[in-house]
Amino acid sequence: MYEQLKLDRPHGARVYDYFLGGKDNFAIDRQAAEHLLQAFPGFRTAALSNRMWMHRAARYAADQGITQFLDVGTGIPTSPNLHEVVQEITPAAHVVYADNDPIVLAHSRALLVSKPEGRTAYLEADVTDPQAILQSDEVKELIDFSKPVALSIVGVFHYLPDALKPYDLVRQLVEPLAPGSLLIFSHCTPDFAPDLWERAMVVYKADGGDAQVRSKEEVTEFFEGTELVGPGVVSPFRWYPDEETQRLVDKGEFTDIMCSLWVGVGRKP
């Protein structure tokens, strides 16, 4: 089990869990997280703004009538999870979660408590193998590709350097989706504080992690083949902010620098 957990290096899902105040992380993750916070103090704010935006984007998809969700790179469950958000609007929604961290699998029961009218499933899979996700029994059973799907890839691709061909991976996941499907996507950016982010990437790699942050232009490229919704690719708190988001903006907690993310929702024509 410990060999499977790869405790010799930090894992994105567990570092993110630490930033959100969770307990499902290890010393290697906490060390990497603290080093990151020293380099760039905004990581906790970025994680919170990303999570809050994901909830708004998921509600938007459900309000558009989408009843099927594929969440790739789920992370460690933190209530409300995606299915809890969308099933409040559409109790019969189907949600498939996929992640490659065994810790997420260990906590996946929290992802499987669906409303009786709906269904959820969890599979251990890696975003670098899109076909394994798309061809999985869980996806085949719960997702009807002849109808629109919301594909959620939130806070995942900054862990994938260019060598892993991240744009191709997204295109493979979007390709089988029906017209009207949505791509819900967020990604860390150095655009607002390049020196701090350069330092953060150096310390994260020194701790054994791998990452590549990208510019607005580079993040926008992930939406190729879709039509951007609403404000387009923006900081998370600028994407249809709700009351709580606006309160944190007014308090000066949510700023471009402290959040340092580009987010967007693209509709497949």
Side-chain angles (χ1 to χ4, degrees), residues 1-55 71-84 95-113 120 122-129 132-133 152-161 164 166 169 184-189 197 199-213 236 258-261 263:
M1 174 68 165
Y2 280 94
E3 192 177 312
Q4 253 190 313
L5 290 173
K6 296 176 180 160
L7 296 182
D8 59 325
R9 55 186 181 273
H11 189 284
R14 302 193 303 256
V15 172
Y16 188 67
D17 175 72
Y18 180 80
F19 288 144
L20 288 172
K23 301 279 187 282
D24 298 305
N25 46 71
F26 295 96
I28 191 82
D29 309 303
R30 294 189 285 276
Q31 175 184 297
E34 286 298 332
H35 288 164
L36 283 170
L37 286 167
Q38 287 165 23
F40 175 69
F43 276 108
R44 280 201 174 95
T45 305
L48 177 61
S49 68
N50 188 52
R51 186 84 188 168
M52 291 171 67
W53 167 76
M54 183 273 281
H55 291 157
D71 184 46
V72 178
T74 299
I76 290 159
T78 307
S79 193
N81 293 291
L82 189 148
H83 73 281
E84 294 168 300
V95 181
V96 178
Y97 294 103
D99 202 285
N100 70 343
D101 187 352
I103 282 287
V104 181
L105 176 62
H107 292 272
S108 63
R109 187 166 296 181
L111 303 173
L112 302 176
V113 185
T120 65
Y122 176 83
L123 69 134
E124 193 173 351
D126 199 299
V127 69
T128 59
D129 189 356
I133 295 171
S152 174
I153 310 176
V154 173
V156 177
F157 269 64
H158 39 249
Y159 295 112
L160 273 63
L164 294 175
L169 298 176
I184 298 170
F185 187 90
S186 69
H187 196 296
C188 285
T189 183
W197 275 91
R199 202 164 67 199
M201 290 301 95
V202 168
V203 302
Y204 189 60
K205 288 173 183 177
D207 281 330
D210 204 357
Q212 183 174 337
V213 289
M258 290 299 278
C259 294
S260 280
L261 287 155
V263 310

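All values below were derived from every heavy atom in this structure, side-chain atoms included, with hydrogens, water molecules and symmetry-related copies excluded.
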Worksheet item: Cut-off 3.5 Å, side chains only: do Gln31 and Asp207 have a donor facing an acceptor?
Response: yes

Discussion item. Is there a side chain to side chain contact (heavy atoms under 4.5 Å, CB included) between Leu36 and Val203? Walk through the geometry before answering.
Written reply: CA-CA 7 Å; Leu36 283 170; Val203 302; 4.2 Å; yes

Worksheet, complete the sentence: In terms of heavy-atom contacts, Ala46 and Cys259 come closest through CB-O, 3.1 Å

Practice prompt. State, to 0.1 Å, how close Asp29 and Val15 come at their nearest heavy-atom pair, and which atoms those are.
Written response: O-CG2, 3.9 Å

Worksheet item: Under the 3.5 angstrom rule, does the side chain of Arg44 hit a backbone N or O of Leu20 as a donor-acceptor pair?
Response: no

Discussion item. I'd like to check Val154 versus Trp53 (side-chain heavy atoms, cut-off strictly below 4.5 Å). Are they in contact?
Written reply: yes

Discussion item. What's the separation between atom OG1 in Thr78 and atom CD in Glu84, rounded to the nearest 0.5 Å?
Written reply: 10.0 Å

Practice prompt. Write down the atom of Gln38, the atom of Arg199, and the distance for their closest heavy-atom approach.
Written response: O-NH2, 3.7 Å

Fill in: Euclidean distance, Tyr16 OH relative to Ile76 CD1, rounded to 0.5 Å
11.0 Å

Fill in: Heavy-atom check, side chain of Pro236 versus side chain of Asn50, under 4.5 Å
no

Fill in: Residue pair Asp24, Arg14: steps toward the salt bridge (charged side-chain N to carboxylate O under 4.0 Å, His left out) verdict
CA-CA 6 Å; Asp24 298 305; Arg14 302 193 303 256; over 6 Å; no

Discussion item. To the nearest 0.5 Å, what is the distance between CG on Leu112 and NE2 on His83?
Written reply: 7.5 Å

Item to complete: Using atom types as modelled and distance alone, determine if a side-chain donor or acceptor of Arg9 lies under 3.5 Å from a backbone N or O of Gly209.
Response: no

Item to complete: First locate atom OG1 of Thr128, then atom CG of Asp126, and finally report the distance between them rounded to the nearest 0.5 Å.
Response: 3.5 Å

Fill in: Heavy-atom check, side chain of Leu169 versus side chain of Leu160, under 4.5 Å
yes

Worksheet entry | Gap separating the CG atom of Leu48 from the OG1 atom of Thr45, nearest 0.5 angstrom | 7.0 Å

Item to complete: With the side chain counted from C-beta on, respond yes when Leu37 and Phe43 share a heavy-atom pair under 4.5 Å apart, and no when they do not.
Response: yes

Practice prompt. Say whether Trp197 and Ser260, considering side chains only, have a donor N or O and an acceptor N or O under 3.5 Å apart.
Written response: yes

Item to complete: Would you mind reporting whether His55 and Pro80 have side-chain heavy atoms less than 4.5 Å apart?
Response: yes

Worksheet item: Short question: side chain of His158, backbone of Cys188 - any donor-acceptor pair under 3.5 Å?
Response: yes

Response to the item:
Distance col, row Phe185:CZ vs Ser152:OG, nearest 0.5 angstrom, shows 10.5 Å

Worksheet item: With a 4.5 Å heavy-atom cut-off, do Leu261 and Thr189 have their side chains touching?
Response: no

Fill in: Sub-6.0 Å ring centroid separation between His11 and Phe26
no

Worksheet item: Are the side chains of Val96 and Tyr122 in touch, meaning some heavy atoms are under 4.5 Å apart?
Response: no

Worksheet item: Asn100 and Glu124: which non-hydrogen atoms are nearest, and at how many Å?
Response: O-OE2, 4.1 Å

Worksheet item: Does a side chain donor of either Gln212 or Tyr159 reach within less than 3.5 Å of an acceptor in the other side chain?
Response: no

Worksheet item: Do Val104 and Tyr97 have side-chain heavy atoms sitting under 4.5 Å apart?
Response: no

Worksheet entry | Backbone N/O of Thr74 and side chain of Asp99: donor-acceptor pair under 3.5 Å | yes

